[in-house]
Novice: 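I have a structure here, written as structure tokens, and I will follow up with some questions on it.
Both ligands and their constituent atoms are indexed starting at 1 by order of listing.
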Amino acid sequence: MIDRKPYMKKFVETEVAKKTINPVEKSGDIDYDLYWNTLERLNNCRECMLCYDVCGALKLNDWDYIGPGAMAQVAFRHLDPYDQADRVEQAVFSGIWKCVMCGSCEIVCPSQIPHVKLLAMLRTEAEKRNMKPEGSDNYNFWEN
Ligand code: SF4
Ligand code: SF4
């Protein structure tokens with residue numbers, strides 16, 4: 001049994017509502033592969049909180065990290081062609097480098113969300129923009 005309450009708080013506090021400045025006028029530019037293989041899967045999060053229960057970063061009691069479920073939704077918005085908020089910046093301020101890349105969240109996720117790939121994508125995007133915080137060691141479970 002999982003106490004979902006403290007985890008749900010992180011989900012609710014993370015602003016992942018779509019932010020669109022210009023109304024969407026046409027659907028001709030939709031990347032259907034991206035839509036069906038990634039966005040649709042991310043949309044299937046069941047909010048079961050299993051990923052929070054096994055998260056190595058949260059087990060270190062590092063509550064500055066929003067956790068895998070909410071971070072996957074940040075990635076969802078980053079990939080969403082109709083979302084116009086800066087999700088890379090959001091990921092950085094939400095503790096993307098607190099993650100130790102252990103992959104446990106992905107192993108337990110019943111919705112088969114590719115957490116590790118998404119976490120790596122957000123980190124890469126942040127590094128391209130020199131947004132990696134000073135002193136973050138970019139720890140990778142599999143490389144240590
Ligand atoms: S384990 Fe998967 S389905 Fe469950 S909350 Fe985490 S991301 Fe969502
Ligand atoms: S990969 Fe990162 S987010 Fe997923 S369980 Fe490990 S520390 Fe948590």
Side-chain angles (χ1 to χ4, degrees), residues 1-21 23-24 27 29-144:
M1 292 288 282
I2 298 170
D3 178 7
R4 296 166 75 233
K5 263 193 214 142
Y7 304 144
M8 283 308 288
K9 191 168 178 291
K10 283 185 176 288
F11 247 97
V12 172
E13 286 175 354
T14 304
E15 286 187 38
V16 289
K18 187 183 296 200
K19 290 192 178 151
T20 305
I21 297 163
V24 177
S27 59
D29 294 336
I30 288 177
D31 177 343
Y32 288 101
D33 183 55
L34 171 72
Y35 185 84
W36 290 115
N37 292 328
T38 305
L39 296 184
E40 189 58 18
R41 189 168 291 184
L42 283 167
N43 209 20
N44 285 336
C45 171
R46 303 174 196 182
E47 298 182 4
C48 65
M49 301 295 129
L50 278 171
C51 56
Y52 280 78
D53 195 51
V54 298
C55 176
L58 293 175
K59 281 196 190 310
L60 297 172
N61 290 323
D62 204 335
W63 289 92
D64 289 340
Y65 180 42
I66 58 168
M71 191 60 82
Q73 295 307 309
V74 172
F76 174 100
R77 289 303 178 205
H78 176 67
L79 291 166
D80 181 346
Y82 299 125
D83 183 79
Q84 294 169 326
D86 188 341
R87 301 302 177 174
V88 174
E89 186 178 72
Q90 183 180 14
V92 171
F93 283 106
S94 301
I96 186 89
W97 265 280
K98 303 276 182 181
C99 163
V100 297
M101 300 298 262
C102 64
S104 303
C105 50
E106 185 166 320
I107 292 167
V108 299
C109 180
S111 297
Q112 298 181 310
I113 288 172
H115 286 272
V116 175
K117 188 173 144 196
L118 296 168
L119 289 158
M121 172 196 73
L122 288 170
R123 281 186 177 192
T124 302
E125 293 293 322
E127 281 180 314
K128 273 192 221 159
R129 291 169 54 186
N130 294 318
M131 292 172 77
K132 184 176 172 183
E134 284 284 319
S136 58
D137 56 5
N138 208 8
Y139 182 86
N140 187 322
F141 180 84
W142 302 106
E143 292 171 1
N144 289 278

Novice: Using 2.8 Å as the cut-off, note every protein N, O or S atom close to atom 6 (Fe) of ligand 1.
Specialist: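 Short answer, with waters excluded from the count: Cys51 SG.
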Novice: Could you identify the single nearest non-hydrogen protein atom to atom 8 (Fe) of ligand 2 and state the distance to 0.1 Å?
Specialist: Cys55 SG, 2.4 Å
Novice: Taking only residues two or more places apart in sequence, or in another chain, which ones meet Glu47 in a side-chain contact (heavy atoms from CB on, under 4.5 Å)?
Specialist: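 Residues passing side-chain contact (heavy atoms from CB on, under 4.5 Å) with Glu47: Arg4, Met8, Phe11, Cys45, Met49.
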Novice: Going by side chain to side chain donor-acceptor pair (under 3.5 Å), name the residues that satisfy it together with Glu106, two or more places apart in sequence or in a different chain.
Specialist: none
Novice: Could you tell me which non-hydrogen atom of Leu122 sits nearest to which non-hydrogen atom of Ala75, and how far apart they are?
Specialist: CD1-CB, 3.9 Å
Novice: Identify the closest protein heavy atom to atom 2 (Fe) of ligand 2: which residue and atom is it, and at what distance?
Specialist: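 Here the closest protein heavy atom is Cys99 SG, 2.3 Å.
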Novice: Do me a favour and list the nearest non-hydrogen protein atom to atom 3 (S) of ligand 2 with residue, atom name and distance?
Specialist: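 I find the closest protein heavy atom is Tyr65 OH, 3.2 Å.
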Novice: Nearest protein heavy atom to atom 6 (Fe) of ligand 2, by residue and atom, and its distance?
Specialist: Cys102 SG, 2.3 Å
Novice: Could a heavy atom of Val116 be found less than 4.0 Å from some atom of ligand 2?
Specialist: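 No.
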Novice: Are Ser94 and Tyr65 close enough that some pair of their side-chain heavy atoms sits under 4.5 Å apart?
Specialist: no
Novice: So, does Tyr52 use its side chain to make a donor-acceptor pair with the main chain of Leu58 at under 3.5 Å?
Specialist: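 No: the side chain of Tyr52 does not pair with the backbone of Leu58.
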Novice: When you measure from the side chain of Lys59 to the backbone N and O of Asp53, does any donor-acceptor pair fall under 3.5 Å?
Specialist: yes
Novice: List every atom of ligand 2 that sits less than 4.0 Å from any heavy atom of Met101, numbering the atoms from 1 in the order shown and giving each element.
Specialist: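 Near Met101, meaning under 4.0 Å from one of its heavy atoms, ligand 2 has 1 (S), 2 (Fe).
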Novice: By number and element, which atoms of ligand 2 are closer than 4.0 Å to a non-hydrogen atom of Val100?
Specialist: 2 (Fe), 7 (S)
Novice: Could you list the residues that satisfy side-chain contact (heavy atoms from CB on, under 4.5 Å) with Cys109, not counting sequence neighbours?
Specialist: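 Partners of Cys109 by the side-chain contact (heavy atoms from CB on, under 4.5 Å) criterion, ordered by chain and then number, come out as Ser111, Ile113, His115.
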Novice: Would you say Val74 and Leu118 make side-chain contact, with heavy atoms under 4.5 Å?
Specialist: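 SC-SC contact between Val74 and Leu118 ruled out.
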Novice: Relative to the heavy atoms of Ala57, which atoms of ligand 2 are at a distance of less than 4.0 Å?
Specialist: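 Counting atoms of ligand 2 from 1, those under 4.0 Å from Ala57 are 7 (S).
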Novice: Whether Arg77 and Asp86 form a salt bridge (side-chain N of Lys/Arg under 4.0 Å from carboxylate O of Asp/Glu) is what I want to check.
Specialist: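 Salt bridge between Asp86 and Arg77, a charged N being under 4.0 Å from a carboxylate O: no.
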Novice: Nearest 0.5 Å, what's the CZ-CD distance between Arg87 and Gln73?
Specialist: 10.5 Å
